[in-house]
A.B. asks: 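Dropping the structure in here first, questions after.
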Amino acid sequence: MSASVRSIDGQDETTILREIQSALRDLRFGAVEITVHNAQVVQIERKEKFRLQQPGNKSG
């Protein structure tokens, strides 16, 4: 599957892609959500989860 980002209403394609890449950087567990309105990226949200293990718990 492929997608393209268009420059619309002053948004620069390179800037949008850089922000998405930044949101993905070092993400181990979580999600990146891109919100689009009228064919324009309006929000990039990063949700990160931190998984904690109990002391002595070696499952994984």
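Because the structure is a prediction, the values reported are computed rather than measured.
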A.B. asks: Can you list everything that forms a side chain to side chain contact (heavy atoms under 4.5 Å, CB included) with Phe29? Sequence neighbours excluded, please.
C.D. replies: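 Expected list: Lys49, Arg51.
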A.B. asks: For Arg18, enumerate each residue passing the salt bridge (Lys or Arg N to Asp or Glu O under 4.0 Å) test, keeping only those at least two apart in sequence or located in another chain.
C.D. replies: none
A.B. asks: Glu19: what forms a salt bridge (Lys or Arg N to Asp or Glu O under 4.0 Å) with it, not counting sequence neighbours?
C.D. replies: none
A.B. asks: Side chains of Leu27 and Glu48: does their closest heavy-atom pair fall under 4.5 Å?
C.D. replies: yes
A.B. asks: Nearest 0.5 Å, what's the CG-CG distance between Leu17 and Asp12?
C.D. replies: 9.0 Å
A.B. asks: Side-chain contact test, heavy atoms from C-beta onward, threshold under 4.5 Å: evaluate it for Val42 versus Val36 and give yes or no.
C.D. replies: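 With C-beta onward as the side chain, the pair stays apart.
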A.B. asks: Checking the side chain of Arg46 only, and the main-chain atoms of Ala23 only, is there a donor and an acceptor separated by less than 3.5 Å?
C.D. replies: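 Yes.
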A.B. asks: With sequence neighbours excluded, tell me which residues meet salt bridge (Lys or Arg N to Asp or Glu O under 4.0 Å) with Glu33.
C.D. replies: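 Checked Glu33 against salt bridge (Lys or Arg N to Asp or Glu O under 4.0 Å); matches are Lys47.
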A.B. asks: Out of curiosity, Ile34 CD1 to Ile16 CD1, how far, rounded to the nearest 0.5 Å?
C.D. replies: 9.5 Å
A.B. asks: Going by the rule side chain to side chain contact (heavy atoms under 4.5 Å, CB included), which residues pair with Arg25 if we only count those two or more places apart in sequence or in a different chain?
C.D. replies: Gln21, Ser22
